[in-house]
Each structure stands twice: as C-alpha cells, then as structure tokens.
Amino acid sequence: MNNKLIPESEGIILAVSKGRILDQALPLLERAGICPKEDVNKSRKLVIETTRAGLHLVVIRPTDVPTFVEYGAADLGITGKDVLMEHDSSDYYEPLDLKIAKCRLMVAGLPGVEVSNNRIRVATKYAKIARDYYAKRGIQAEIIKLYGSMELAPLVGLSERIVDLVDTGNTLKANGLVPMEDICEISSRLIVNKAAMKTKHALIKQLIVTIEDSLR
Ligand code: ATP
Ligand code: PRP
C-alpha cells in the first residue's frame with residue numbers, strides 16, 4: 001500500500017513512538033539535521049513537516065508503529081525492540097539499533113516466594129514474549145495479560161511473577177520486588193517498509209546513512 005497523503009514523488013513518512021522514545025529520538029534526529037517544524041508535544045497536527053525536505057513525521061503509540069510500517073502507511077518507524085518482539089508479525093526491515101530508550105526485559109517477583117514449575121502465574125504486558133520464554137524452559141506458566149502497573153500483581157496475589165521492563169530498578173525496589181531472570185536487552189530500532197525500501201530506495205538509504213552517522 002502507498003500512503004495517500006504524501007505522494008511517492010514528494011517524500012517519506014517516519015512514524016515515531018510517543019512518550020519516552022520520542023523524548024530520546026528527537027535529539028538523535030536533530031543531530032542528523034532533522035527537526036520538526038512544529039512542537040511535536042504541543043501540536044495537534046498528526047503529520048508534521050521537518051527541516052529535511054520531503055521527510056514528514058507522524059507521532060503515534062509505540063505499539064502502532066510496526067502496523068503503520070508493515071502496511072506502508074509510514075515508510076519508516078522508530079519503536080522499542082520489546083514492541084517489535086511482541087508484535088504478531090515481522091514483515092519489515094530492521095536496519096538500525098538506535099541505542100536509545102535502553103532497558104532490560106526481566107522476570108521479577110517478591111523475594112522468597114518460591115514457585116512450582118507446574119503452577120506459576122505471570123502477569124505481563126508482554127504475553128507473547130513471556131509465553132515463549134517459559135515454553136522454551138518447559139515451564140507451564142499461566143500468563144495473565146495486563147496493560148500497565150505490572151508491579152502491583154505480586155503484591156495483591158494476582159501472580160507470583162511479572163515480566164516487565166527494568167531500567168534503574170527503582171520501580172521494582174519501591175514495591176519490594178527483586179529482579180530474578182534476565183530475558184533480553186531492549187533498545188529502540190529503526191524499521192522500514194519492505195516495498196518502500198525498493199520504490200523509494202535512494203531517499204530511504206540516504207536517511208538511514210544520515211541517522212547511522214549521527215549515532216557515532
Ligand atoms: P503505551 O502508552 O502505548 O502503552 P508506554 O506507556 O509503554 O506506551 P513508554 O512508557 O513511553 O510508553 O515506553 C515506550 C517504550 O520505551 C517501551 O516500549 C520501551 O521500548 C521503552 N521503555 C519503557 N520503559 C523504559 C524504561 N524504564 N527505561 C528505558 N526505556 C523504557
Ligand atoms: C516502565 C516499566 C517499569 C519502569 C521500569 O514503566 O514498565 O514500570 O518503567 O523503569 P525503572 O527500572 O527505571 O524503574 P513506565 O515508567 O514507562 O510506566 P508505564 O507502566 O505506564 O508504562
């Protein structure tokens with residue numbers, strides 16, 4: 001699918017995740033000479049022009065980024081590796097690790113709470129990742145899907161474990177939880193629509209090289 005708002009001849013759309021990733025992506029893009037022409041945190045506009053001719057930004061929820069890119073509604077996207085791993089498909093290219101919004105995906109719980117391998121409840125926003133993680137270890141886990149505040153689950157008896165992102169460890173500590181197992185490192189990635197990589201190759205390749213240079 002081609003995005004209709006921006007004709008192919010007129011440029012490309014980069015979808016950037018709102019929130020924490022946007023805060024860290026903006027300085028990175030600025031180093032690459034790409035500045036939004038409006039304040040992305042204040043503007044109500046959904047498609048924002050940048051100082052790089054032909055490059056438009058859309059700022060959307062992190063979990064929506066792979067969907068926009070796979071359908072070609074955005075040519076490129078920036079979102080967390082956690083979001084990409086949890087997404088149902090991976091029909092896009094992932095040329096760059098932007099090394100921003102770094103954290104770790106971990107298993108955590110209350111200290112001293114033992115669990116049996118046949119009876120463990122795990123609360124998480126990352127149901128797919130958690131299911132794969134326990135299945136690989138031959139552990140029968142009941143995955144309880146939550147949409148936030150995972151740290152609360154062990155405190156109120158909803159689960160024995162959580163799978164969540166950990167950075168400073170302050171959120172775990174503040175709730176009396178401890179990190180138990182490391183699943184993987186997380187950072188934000190640049191992803192690219194497969195068809196656009198062919199049809200808009202020069203524009204996209206140039207942009208990837210510019211962003212890659214600004215990482216150094
Ligand atoms: P949504 O509103 O769509 O659920 P969210 O609330 O998870 O998004 P953020 O908290 O801004 O949005 O997190 C977005 C991304 O930032 C995560 O997917 C992850 O890649 C990264 N991230 C989340 N928490 C941390 C953290 N504590 N330290 C570093 N990076 C983080
Ligand atoms: C994330 C994550 C943890 C916290 C970890 O939540 O879900 O709760 O950060 O970071 P820390 O180890 O530095 O404390 P976030 O602050 O994004 O809030 P959310 O639950 O609304 O996504």
Side-chain angles (χ1 to χ4, degrees), residues 14-29 36 39-44 46 48 57-71 73-74 76-90 92 94-111 121-133 143-156 158-192 211 215:
L14 170 63
V16 187
S17 298
K18 271 184 186 169
R20 204 186 290 268
I21 293 178
L22 179 66
D23 294 343
Q24 298 185 35
L26 285 176
L28 174 69
L29 292 173
D39 182 340
V40 289
N41 287 307
K42 290 203 185 121
S43 174
R44 299 295 298 165
L46 296 174
I48 297 176
L57 294 187
V58 293
V59 180
I60 57 180
R61 296 278 295 268
T63 44
D64 288 334
V65 169
T67 308
F68 273 67
V69 172
E70 282 178 341
Y71 279 88
L76 304 104
I78 295 177
T79 194
K81 184 68 184 177
D82 52 322
V83 169
L84 297 176
M85 288 164 68
E86 190 63 20
H87 189 68
D88 288 332
S89 52
S90 52
Y92 48 77
E94 190 190 310
L96 283 184
D97 179 351
L98 301 174
K99 300 193 166 79
I100 55 170
K102 283 189 184 176
C103 51
R104 312 186 74 82
L105 250 177
M106 301 197 79
V107 177
L110 282 168
R121 290 170 307 169
V122 181
T124 186
K125 190 160 122 176
Y126 301 101
K128 181 178 168 219
I129 297 172
R131 203 169 288 120
D132 289 353
Y133 178 79
I143 308 297
I144 301 171
K145 170 84 183 179
L146 294 180
Y147 293 87
S149 306
M150 269 73 81
E151 291 86 357
L152 183 59
L155 309 185
V156 295
L158 180 60
S159 71
E160 290 80 34
R161 298 286 185 262
I162 61 169
V163 165
D164 195 10
L165 300 172
V166 179
D167 177 22
T168 59
N170 289 343
T171 312
L172 290 182
K173 205 168 163 196
N175 292 292
L177 302 174
V178 289
M180 293 174 165
E181 293 156 47
D182 210 1
I183 300 180
C184 62
E185 289 186 353
I186 298 297
S187 55
S188 295
R189 310 300 165 103
L190 181 74
I191 60 169
V192 183
I211 295 177
L215 292 175

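Remember, it's 1-based here, ligands and their atoms both numbered in the order they're listed.
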Would you mind checking if Asp182 and Arg104 are paired as a salt bridge, meaning a charged N to carboxylate O distance below 4.0 Å?
-> yes
Check each atom of ligand 2 against the heavy atoms of Val166 and keep those under 4.0 Å away; list them by number with element.
-> 12 (O)
Please could you name the atoms of ligand 2 that Thr168 approaches to less than 4.0 Å, counting only its heavy atoms?
-> 11 (P), 12 (O), 13 (O), 14 (O)
Can you check side chain to side chain contact (heavy atoms under 4.5 Å, CB included) on Leu155 and Leu110, steps first, answer last?
-> CA-CA 8 Å; Leu155 309 185; Leu110 282 168; 3.8 Å; yes
Residue part near ligand 2, for Asp164, under 4.0 Å between non-hydrogen atoms | side chain
By number and element, which atoms of ligand 2 are closer than 4.0 Å to a non-hydrogen atom of Thr171?
-> 4 (C), 5 (C), 8 (O), 10 (O), 11 (P), 14 (O)
Sub-3.5 Å N/O-N/O distance, Gly148 and ligand 2 = no
Separation between SG (Cys184) and CG (Leu105), nearest 0.5 Å, reads 4.5 Å
Relative to atom 10 (O) of ligand 2, which among Leu172, Asn175, Asp167 owns the nearest non-hydrogen atom?
-> Asp167
Could you find the nearest protein heavy atom to atom 22 (O) of ligand 2 and give me its residue, atom name and distance?
-> Lys125 NZ, 4.2 Å
Atom 5 (C) of ligand 2: closest protein heavy atom, distance to 0.1 Å, is Leu165 O, 3.4 Å
Counting N and O atoms only, with roles assigned by atom type, does the side chain of Glu160 sit under 3.5 Å from a partner on the main chain of Arg121, one being a donor and the other an acceptor?
-> yes
Here the gap from Ser188 atom OG to Leu96 atom CG, rounded to the nearest 0.5 Å, amounts to 12.0 Å
In terms of side-chain geometry, is the basic nitrogen of Glu185 or Lys81 positioned less than 4.0 Å from the acidic oxygen of its partner?
-> no
State whether the number of non-hydrogen atoms from other residues, nucleotides or ligands found under 6.0 Å of Lys99 atom NZ is greater than 12.
-> no
Under 3.5 Å donor-acceptor pairs involving side-chain atoms of residues 60-70, not counting sequence neighbours:
| unit_1 | atom_1 | unit_2 | atom_2 | d |
| --- | --- | --- | --- | --- |
| Glu70 | OE1 | His87 | NE2 | 3.1 |
| Glu70 | OE1 | Ser89 | OG | 3.0 |
| Glu70 | OE2 | Ser89 | OG | 2.7 |
| Glu70 | OE2 | Asp91 | N | 3.0 |

Tell me the residues surrounding ligand 1, counting only those with a heavy atom closer than 4.0 angstrom, sorted by chain and number.
-> Gly19, Arg20, Ile21, Arg61, Pro62, Gly80, Asp82, Val83, Ala101, Lys102, Cys103, Lys125, Leu165, Asp167, Ile186
Starting at CD1 of Ile100, measure out to CZ of Arg189 and round the result to the nearest 0.5 Å.
-> 11.0 Å
Non-hydrogen protein atom less than 4.0 angstrom from atom 19 (P) of ligand 2 | no
From the options Val192, Leu76, Leu84, select the one residue that forms a side chain to side chain contact (heavy atoms under 4.5 Å, CB included) with Tyr92.
-> Leu84
Sub-4.0 Å atoms of ligand 2 with respect to non-hydrogen atoms of Glu151 | 3 (C), 8 (O)
Report yes or no: does Arg20 have a heavy atom closer than 4.0 Å to ligand 2?
-> yes
Using the ring of Tyr147 (Phe, Tyr or Trp, six-membered ring only), decide whether Lys145 places NZ or CZ under 6.0 Å from its centre and within 45 degrees of its axis.
-> yes
